[in-house]
Amino acid sequence: MNIIITGGRGFIGSNLTKKAIEKGHKVGILDAGLIGANALLSVISPSQMDVECVNQFCNINNPETVSKSIDEIELIIGKTDCIIHLAAETHVDRSISNSKPFVETNVGGTMNMLEETMKRGISKFVHMSTDEVYGALQGDSKSSKETDAFRPSSPYSASKAGGELLAMSYFVTHKLPVLVVRSSNNFGPLQYHEKLVPLMIKNALADIQLPVYGEGKNIRDWLYVEDCANALLLIAEKGKIGEAYNIGSGGNNEKENIHVVKTLLSLLKKPESLIKFVEDRKGHDFRYSVCIDKIKEELGWSPAVSFEAGLEKTVNYYLTRYNEDVEKKKLSERFKRKAVS
């Protein structure tokens, strides 16, 4: 397939681009190059750029730019078969302080992509949503199913719910070939440093206090980013039009935030005294968990990487980068001293 990935320079997008190229697909990327859009060149070799992968800097909030950018991509890779729409404002804390960009991008930007898909007669539109549209689960409540009602709690999750509902309305009204993916928390190398796992690793390596909301009892279901990328491609290839699919660990990787932080400190051989409990976030959902029976039964997908193995891979990646940076600094200081002498 010829696939356009919005947000393809980001954390999930870069991993998805890599997997798509490995499977023989040609990829065009639309990305505004904003927060978190720094991962692509770490997973795609320069020789692959502009051959298997065509990169266009494009803000999806501008419909004219979207149209021109897709024209440029199609001149190189041919007619688009599928759009996988990942581009979004994603950070909950930022949405609390300023919700406007979240509505503009996650709803308005999604509308622009849907309109372009309809205008061009593209065969599939895969919309990336989130488990947060279901709202908080309490205690040992059953995991959220695709048929459960939406109860978003933050401006971020409300904007994602709005974008998803808009996408499904295009399926019903215009018969647009839409599929929806609701993912649990992703983690892995290259994630933007504001997210929990990379923030805690970087602070720990620098011996800086690790801020944990409340008592750290909030629970999230964790999914390694490569498993997410594989699921997205499988849904794009074999998913049923008009359907939504949950992806996550199926409850196997549900962890309290404090457990995640303490596990990271253990892997990094750092003391738990670095943990600092801070005032809880406004509207902080207690627990997310998604049931993945549907995708397992219909498409045969289940996550391959355990939480423990994924966390170890992630820590090793950051340790390698950290040690490389330390050596570079030492080398730089050595040359400075020689120049002075």
| Steps toward side chain to side chain contact (heavy atoms under 4.5 Å, CB included) verdict (Arg151, Ser144) | CA-CA 11 Å; Arg151 296 185 178 87; Ser144 301; over 6 Å; no
| request: Answer yes or no: is there an ion pair linking Lys68 with Glu64, defined by an N-O contact shorter than 4.0 Å? | output: no
| message | Between Ser67 and Glu116, do the side chains contain a donor N or O and an acceptor N or O under 3.5 Å apart? | response | yes
| said: Quick check: do Lys294 and Asn246 have side-chain heavy atoms less than 4.5 Å from each other? | reply: no
| side chain to side chain donor-acceptor pair (under 3.5 Å) between Thr105 and Asn61, intermediate numbers included | CA-CA 6 Å; Thr105 299; Asn61 295 344; 3.1 Å; yes
| said: How about NZ on Lys269, more than 12 heavy atoms from neighbouring residues, nucleotides or ligands closer than 6.0 Å, or not? | reply: no
| said: Would you compute the distance between atom CD1 of Ile77 and atom NZ of Lys79 and round it to the nearest 0.5 angstrom? | reply: 11.5 Å
| request: Taking the side chain as every heavy atom from C-beta outward, state whether Ile3 and Leu16 have any pair of such atoms under 4.5 Å apart. | output: no
| Ring centroid separation Phe307 to Phe187 under 6.0 Å | yes
| field | Check: Ser249/Glu254 side-chain N/O donor and acceptor closer than 3.5 Å | value | no
| Is it the case that Ser123 and Asp81 place a side-chain donor and acceptor less than 3.5 Å from each other? | no
| query | With side chains defined as the heavy atoms from C-beta onward, is the minimum distance between Lys160 and Pro152 less than 4.5 Å? | reply | no
| field | Distance-only donor-acceptor check, side chains Glu132 and Tyr288, under 3.5 Å | value | yes
| query | How are the rings of His85 and His127 set to each other: parallel, tilted or perpendicular (split at 30° and 60°)? | reply | tilted
